[in-house]
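Worksheet: one structure, shown below.
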Amino acid sequence: MTDEAAIGPLDLTEHVDEALAVQALAFGLGADEVGVRRHIVLRHMTSPGARALGATTPDGRLVGFVYGMPNDRTHWWSTVVEPYLRRYGRDGWLDDSFVITELHVHPDFQARGIGRALITALTDPAPQPRSILSAIDIESPARALYRSLGYVDLAEQVLFPSAPRPYAVMGAPLPLLRRG
């Protein structure tokens, strides 16, 4: 719970359109990209161990969400990032880790602790000893948040086939740090 939003379980399959509306605003996505991501999110939520949390205002508005799952080296994301991690001897991070697939907060609610509350609440019950994620490879508030939670860069300049900008892969031991 933050001052402005309650953090709790989110049936992402049921609320996929609300969540993607938040992501579209936070990440600057167009309608075509939202359509593609809708199918991806729905497929991810069928993965074993996939979990989602939402941040909801007192009037019931979804203003943030996070979801993730135990990592599987056969998933598309892992197959893309594995060569970059292997180059630095860090591909072991793909094993026995919980991947944060998406974390987005509505721009009007950013920098209020909602992202921190979402990611820590999602990873706290994870049985894996570490968490991994990817973030656009620029200095940003998101990267600063991840660093404050204990994430470190494992690989930079990671190129995803359809992404216009490179990403960084970051990892942190669980539980995440509570400073910040």
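Below, all heavy atoms of this structure are taken into account, side chains as well, without hydrogens, waters or symmetry copies. Numbering of residues begins at 1 and proceeds along the displayed sequence.
- Nearest heavy atom pair, residue Ala52 against residue Met45, reads CB-CE, 4.1 Å.
- Leu85 and Val99 fall within a single hydrophobic cluster, where Ile, Leu, Val, Met, Phe, Trp and Tyr are joined by side-chain heavy atoms under 4.5 Å apart, directly or via other members.
- The distance from atom CG of Leu118 to atom CD1 of Ile114, rounded to the nearest 0.5 Å, is 7.5 Å.
- Put simply, Leu94 and Phe98 are part of two different groups of oily side chains (I, L, V, M, F, W, Y) that touch within less than 4.5 Å, one to the next.
- Pairing each heavy atom of Val41 with each of Tyr67, the nearest pair is CG2-OH, 3.6 Å.
- Remark: Leu53 CG to Thr120 OG1 distance equals 9.0 Å, nearest 0.5 Å.
- Listed by chain and number, the hydrophobic cluster partners of Ile40 are Val36, where partners are ILVMFWY side chains within reach of under 4.5 Å, directly or through others.
- The two residues Tyr84 and Val80 make their nearest non-hydrogen contact at CD1-O, 3.4 Å.
- Of all the heavy atoms in Thr74 and Thr79, the pair that sits closest is O-CG2, 4.1 Å.
- Criterion: ILVMFWY side-chain heavy atoms under 4.5 Å apart, direct or through other members. Under it, Phe109 and Val66 are part of a common hydrophobic cluster.
- In this structure, CG in Asp124 is found 8.5 Å from CG in Leu174, a value given to the nearest 0.5 Å.
- In this structure a side-chain-to-backbone donor-acceptor pair under 3.5 Å is present from His106 to Asp108.
- When all heavy atoms of Glu4 and Pro58 are compared, the closest pair comes out as O-CD, 3.6 Å.
- Within the 4.5 Å cutoff, no side-chain heavy atoms of Trp93 are placed close to those of Val81.
- The aromatic rings of Phe27 and His104 lie perpendicular to each other, with more than 60° between the two planes, well past the 30° mark.
- Here the CZ-CG distance, from Arg165 to Asp137, works out to 11.0 Å after rounding to the nearest 0.5 Å.
- Residues passing the salt bridge (Lys or Arg N to Asp or Glu O under 4.0 Å) test with Arg37, sequence neighbours excluded: Glu33, Glu102.
- Formation of a donor-acceptor pair under 3.5 Å by the Ser97 side chain with backbone atoms of Arg130 is not found in this model.
- In this structure, Gln23 and Phe65 have side chains that are in contact, with non-hydrogen atoms separated by less than 4.5 Å.
- The distance between the ring centers of Phe160 and Trp76 falls below 6.0 angstrom.
- Under the 4.5 Å side-chain heavy-atom criterion for ILVMFWY residues, a single connected hydrophobic cluster contains both Leu42 and Leu62.
- Asp91 is listed as a side-chain neighbour of Arg73, based on a closest heavy-atom distance under 4.5 Å.
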Q: Please step through side chain to side chain contact (heavy atoms under 4.5 Å, CB included) for the pair Tyr151 and Ile100, ending with a clear verdict.
A: CA-CA 12 Å; Tyr151 285 88; Ile100 303 301; 3.8 Å; yes
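- The residues Arg38 and Asp17 are annotated as salt-bridged, a charged nitrogen and a carboxylate oxygen being separated by less than 4.0 angstrom.
- Taking CZ of Arg147 as the start and CZ of Arg143 as the end, the distance is 4.5 Å to the nearest 0.5 Å.
- Taking all atoms of both residues into account, the shortest heavy-atom contact from Ala55 to Ile7 is CB-CD1, 3.6 Å.
- Side-chain atoms of Gln110 come within 3.5 Å of backbone N or O of Val105 as a donor-acceptor pair.
- No continuous path of ILVMFWY side-chain contacts below 4.5 Å connects Leu154 to Leu149, so the two sit in separate hydrophobic clusters.
- Thr123 contributes atom OG1, which lies 8.5 Å from atom CZ of Arg51 (distance to the nearest 0.5 angstrom).
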